[in-house]
Amino acid sequence: MTNASGTNLRERSEGASPRLRDEPRCVVSGLGIYLPALHHDAAHIAGVSGIPVEVVRDKLGITRKTVPGPADHTNEMGVRAARAALTDAKLSAEEVDVVISITEEHKEFPVWTAGIKTAHELGASRAYAFDIGQKCGTAVLGLKLAADLLTADRNVKTILVAGGYRNGDLVDYRDPNTRFLYNLAAGGGSAVVRREGPGFEILGSSFRTDGSFSEDVVVPVGGTRAPLTKENLGEFRLQVPDPAGMKARLEEKSLSNFVAVIDEACARSGIAPAGAAYVALLHMKKSAHDEILRRIGVDGARSIYLSDYGHIGQIDVLLSLKLARDEGRLKDGDVCVLAAAGIGYVWNAMCVRVRK
């Protein structure tokens, strides 16, 4: 595998250093997840969509998925996860210097800065806040920005990355063109990032975007091109204008880009991909999940397939990492890979090292 300059990424992993000598060590010191109590199972999705239940379960990889209850608003789920992450890190909200919101655009109100609300709800009165968006890649991006900010600004000591997701609201099970989105679920996730201490040390990362896919998955109304009206209200949902064209252009490219960013993140972290102790992948169809692991030389036992959760957007990688930690799968010094992709399209990966 080579990058744009022709450098062999696997070769570059030999002797690579994850950080400069004078850089602070940035550590994910707390993780928090909020999951709604309600679910749609494979039988429900099959009944509404008309797809055989075994296809939903075995091909799409959905045993069940979380769906929001009446009080499970997007950013509020992120606030709940943030409280859990602060507790996990043994910190109070007053110790947070910055809140980076990874809440999805589909949230309580349009044209609204969710991070400011998060800081206020938590009582993080010292913190400034801002929102970022990269669809299902946003959590990995948030962790990178947190580490970069801690490195750049010595006055910042504690950063809270938090947000919620419920884009499943925008999926119509009766639309076969969006079948690959039937797994969209709901939940919140959060990570506390600090200098030093136990947790997950943030190592190297890699990001790729390809804007040629930027209009392949859209909500076609409700923006400035087609303002929302009572006549087009039923079109306010995720749609794929050219499903055959998108599939033809994206399928192999997506797998290759997943492998490329994992390769590069590992090279920048001083390991070969096959040396990863654990790989946290977002939920996707089972065959794609297995193929990515095969291409990077990692067996299935070193990853958790999220078939009991569905695809909670950017929250998936935080959920997967927390599940691995809580199940006792990780030991001191293990390197884990977080890998995600978001419509638009973006692919990203990051390595973290267990520090106990």
Side-chain angles (χ1 to χ4, degrees), residues 17-34 75 78-104 112-134 137-164 188-207 265 268-269 314-315 317-318 321-322 325 335-336 338 340 348-356:
S17 175
R19 64 189 184 101
L20 297 177
R21 205 177 282 272
D22 60 346
E23 288 180 344
R25 178 176 287 131
C26 301
V27 175
V28 176
S29 62
L31 289 169
I33 295 293
Y34 171 80
N75 197 60
V79 171
R80 294 169 193 163
R83 291 194 179 103
L86 288 169
T87 298
D88 192 45
K90 299 180 174 60
L91 292 175
S92 68
E94 289 81 3
E95 295 175 83
V96 175
D97 298 300
V98 181
V99 173
I100 300 177
S101 174
I102 58 171
T103 288
E104 187 50 72
W112 186 60
T113 307
I116 295 173
K117 176 65 170 178
T118 298
H120 176 71
E121 286 293 312
L122 295 172
S125 56
R126 295 177 50 254
Y128 69 86
F130 59 92
D131 294 7
I132 61 172
Q134 203 187 42
T138 309
V140 178
L141 176 62
L143 293 176
K144 173 175 169 51
L145 292 181
D148 289 349
L149 185 53
L150 285 167
T151 301
D153 189 344
R154 293 285 179 171
N155 295 310
V156 175
K157 297 179 175 60
T158 301
I159 298 177
L160 179 70
V161 179
S190 180
V192 176
V193 185
R194 308 190 79 198
R195 294 196 185 95
E196 305 299 336
F200 297 95
E201 178 189 358
I202 295 174
L203 304 176
S205 58
S206 176
F207 297 78
R268 292 171 176 174
S269 304
Q314 54 268 37
I315 310 305
V317 292
L318 301 179
L321 186 63
K322 187 175 186 296
R325 184 198 69 178
V335 175
C336 309
L338 316 181
N348 55 37
M350 169 179 284
C351 293
V352 297
R353 179 182 287 120
V354 178
R355 295 287 187 187
K356 294 190 176 179

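Worth knowing before you read on, the calculation uses all heavy atoms, side chains too, and leaves out hydrogens, waters and symmetry mates.
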Atom of [X], atom of [Y] and distance for their closest heavy-atom approach:
X: Gln134; Y: Leu141; result: OE1-CB, 3.6 Å
X: Gly78; Y: Ala162; result: O-CB, 4.0 Å
X: Gly137; Y: Ala340; result: CA-CB, 4.2 Å
X: Asp131; Y: Gly115; result: OD1-N, 2.7 Å
X: Gly189; Y: Ile33; result: CA-CD1, 4.0 Å
X: Arg194; Y: Thr158; result: NE-OG1, 3.0 Å

Taking [X] for the side chain and [Y] for the main chain, is one N or O donor matched with an acceptor at less than 3.5 Å?
X: Arg353; Y: Glu201; value: no
X: Arg80; Y: Gly188; value: no
X: Thr103; Y: Gly164; value: yes
X: Ser269; Y: Gly204; value: yes

Test log, rule side-chain contact (heavy atoms from CB on, under 4.5 Å), inputs Val98 and Phe130:
CA-CA 8 Å; Val98 181; Phe130 59 92; 3.8 Å; yes
Nearest-0.5 Å distance, [atom1] of residue [X] to [atom2] of residue [Y]:
X: Asp153; Y: Asp97; atom1: CG; atom2: CG; result: 8.5 Å
X: Thr151; Y: Ile202; atom1: OG1; atom2: CD1; result: 9.0 Å
X: Glu94; Y: Arg126; atom1: CD; atom2: CZ; result: 9.0 Å
X: Leu143; Y: Asp148; atom1: CG; atom2: CG; result: 11.0 Å
X: Ser190; Y: Leu318; atom1: OG; atom2: CG; result: 8.0 Å

Apply side-chain contact (heavy atoms from CB on, under 4.5 Å) to Val193 and Ile100, showing your working.
CA-CA 11 Å; Val193 185; Ile100 300 177; over 6 Å; no
Starting from the C-alpha separation in whole Å, work towards a yes-or-no answer on side-chain contact (heavy atoms from CB on, under 4.5 Å) for Arg268 and Leu203.
CA-CA 7 Å; Arg268 292 171 176 174; Leu203 304 176; over 6 Å; no
Step by step, would you call Glu95 with Ser92 a side chain to side chain donor-acceptor pair (under 3.5 Å)?
CA-CA 6 Å; Glu95 295 175 83; Ser92 68; 3.2 Å; yes
Are any of the side-chain heavy atoms of Phe207 and Val140 separated by less than 4.5 Å?
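Yes. Closest side-chain heavy atoms under 4.5 Å.
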Please determine which of Arg325, Lys322, Arg83 meets the side-chain contact (heavy atoms from CB on, under 4.5 Å) test together with Asp88.
Arg325
Starting from the C-alpha separation in whole Å, work towards a yes-or-no answer on side-chain contact (heavy atoms from CB on, under 4.5 Å) for Ile102 and Ile132.
CA-CA 6 Å; Ile102 58 171; Ile132 61 172; 4.0 Å; yes
Is it the case that Asn75 and Glu121 place a side-chain donor and acceptor less than 3.5 Å from each other?
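Not at all, the side chains of Asn75 and Glu121 share no donor-acceptor pair under 3.5 Å.
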